[in-house]
Asker: 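Take a look at the following structure, please.
Indexing begins at 1, ligand by ligand and atom by atom, following the structure's order.
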Amino acid sequence: MIREADFARPDAPRRISLTRFRAGEYDPAVKEKRPILPAFRRELERIPPYRVDTPAHEIKLNQNESAIDLPAGLREQILIRLREAPWHRYPDYPARSLERLIAKRIRVAQARVMAGHASNELLYATALATLERRKTMVTGAPGYPVAKLAATLAGGRIVEVPADARFQYEVGPIVAAIRKHDPRLVFLPSPNNPTGSTLSRDDVARICSATGNLVMIDEAYREFSGVAIQSLLKQFRNLVLLRTLSKASRLAAFRIGYLVGDPEVLSRIERAKPPHSIDVPAQIAGETLLASGDILSAEIARVKRERARVMKSLATLPGVEVFPSRANFFLIRAENAAGFYKYLLAQGILIRAVGTAPTAPPLLRNCLRISIGKNRENSALVAAARRFFEREGR
Ligand code: PMP
């Protein structure tokens with residue numbers, strides 16, 4: 001195949017016509033009458049499309065969502081406001097009312113909050129704002145795969161620091177990687193997905209002290225963790241917290257996330273973000289939720305209780321290893337993980353097979369991630385696991 005760049009070479013074959021080349025005459029695909037693929041960035045060849053496989057199921061424990069919806073009254077208020085809102089006008093940008101309510105809820109100055117179209121958008125904006133060719137992101141492995149997609153797309157280099165055998169991130173090796181690679185961005189989820197492990201406040205302080213560059217802690221699941229690191233923002237200008245209303249706040253359908261950090265730092269990230277990205281329904285849903293009283297904490301407490309119950313039950317089963325988690329999900333390893341996944345699916349229970357595909361990272365081999373559902377859903381999972389592993393163990 002001859003590329004257009006070849007024409008610039010002094011030894012380029014003279015008799016090839018650029019016009020005919022552009023018309024695709026030298027491309028075997030064209031000879032075979034297949035249309036030529038337009039040009040794309042080379043990095044895309046290393047980025048698989050993000051897909052969530054969702055086979056038919058009755059019990060959904062595969063995406064770490066809230067198992068219950070918002071109260072009917074609150075849904076109704078959102079619908080009324082949406083009905084009355086002008087649909088022919090752009091949404092507020094920046095979404096100041098939403099940011100004001102977030103700031104009030106988490107008790108920081110409004111200038112320290114920047115809302116976005118869920119945390120994934122803010123993660124992409126951060127990668128674009130910090131990385132470029134030959135600049136590095138240091139992150140943990142296993143970790144949140146979307147961070148790697150965003151960093152690759154931004155043209156950056158990725159250095160992954162492996163967690164220990166129990167999937168706990170270790171500060172020593174992370175700091176060593178920071179010293180060695182001088183990254184533009186350090187990205188670490190806490191609680192981590194897919195493992196549920198956390199970094200302590202002290203761990204985060206040590207990591208922030210090791211670099212002047214950006215340290216982003218993804219706190220998508222922080223409400224379930226009991227770890228509070230927000231007060232470190234006063235000490236470290238390079239620390240940014242990434243949060244979402246998709247998990248404990250139960251608004252996954254509406255796509256709202258936010259960053260908390262230094263106003264100047266946020267203003268740099270803002271420049272890499274598309275305007276008007278939080279649409280009117282999302283702004284209304286977020287504002288209505290945040291303006292209502294505390295409707296979330298009872299459910300968060302239930303999830304934590306259920307997490308303890310389910311993890312304890314599974315840990316007693318032969319051949320099942322359960323890893324510590326402080327999120328609304330947890331990770332297990334079992335020899336016949338693929339068989340267990342299929343067995344559950346046959347009973348209508350869908351979990352996440354994070355380590356059974358041939359392309360799965362070696363650290364996650366034979367691992368499965370299970371979200372905490374409603375009590376009866378969790379009981380169905382435990383009963384199915386008992387049937388499967390007690391039979392396997394025999
Ligand atoms: N960070 C982590 C660690 C996650 O697990 C997820 C959701 N799977 C996200 C960010 C993205 O959440 P959202 O885009 O819904 O805010």
Asker: Salt-bridge test for Glu223 and Lys304: reply yes if a basic N is under 4.0 Å from a carboxylate O, no otherwise.
Answerer: no
Asker: Tell me: protein heavy atom nearest atom 9 (C) of ligand 1, and distance?
Answerer: Tyr144 OH, 3.2 Å
Asker: What residue and heavy atom of the protein are closest to atom 14 (O) of ligand 1, and at what distance?
Answerer: Arg255 NH2, 2.9 Å
Asker: I'd like to know if Lys273 pairs up with Glu270 as an ion pair, taking the criterion as any Lys NZ or Arg NE/NH1/NH2 lying under 4.0 Å from an Asp or Glu carboxylate oxygen.
Answerer: no
Asker: What atoms of ligand 1 come within less than 4.0 Å of a heavy atom belonging to Ala220?
Answerer: 1 (N), 2 (C)
Asker: In terms of residue, atom name and distance, what is the protein heavy atom nearest to atom 13 (P) of ligand 1?
Answerer: Ser119 OG, 3.2 Å
Asker: Using distance alone, determine whether Asp218 and ligand 1 share an N or O pair under 3.5 Å.
Answerer: yes
Asker: Is there a donor-acceptor pair under 3.5 Å between the side chain of Ser371 and the backbone N or O of Leu61?
Answerer: yes
Asker: For atom 8 (N) of ligand 1, which of the options Arg243, Gln63, Lys247 provides the nearest non-hydrogen atom?
Answerer: Lys247
Asker: Run the salt bridge (charged side-chain N to carboxylate O under 4.0 Å, His left out) test on Arg81 and Glu287 for me, step by step, so that the C-alpha distance in whole Å, both residues' side-chain angles and the decisive distance to 0.1 Å come before the verdict.
Answerer: CA-CA 10 Å; Arg81 274 191 64 189; Glu287 287 170 20; 2.8 Å; yes
Asker: With distance as the sole criterion, is a donor-acceptor pair present between the side chains of Tyr221 and Asn64 under 3.5 Å?
Answerer: yes
Asker: Using 0.5 Å steps for rounding, measure from the NZ atom of Lys247 to the OG atom of Ser119.
Answerer: 7.5 Å
Asker: At less than 4.0 angstrom from any non-hydrogen atom of Tyr221, what atoms of ligand 1 do you find?
Answerer: 3 (C), 4 (C), 5 (O), 7 (C), 8 (N)
Asker: Looking only at protein heavy atoms, which one is nearest to atom 15 (O) of ligand 1, and what is the separation?
Answerer: Ser246 OG, 2.6 Å
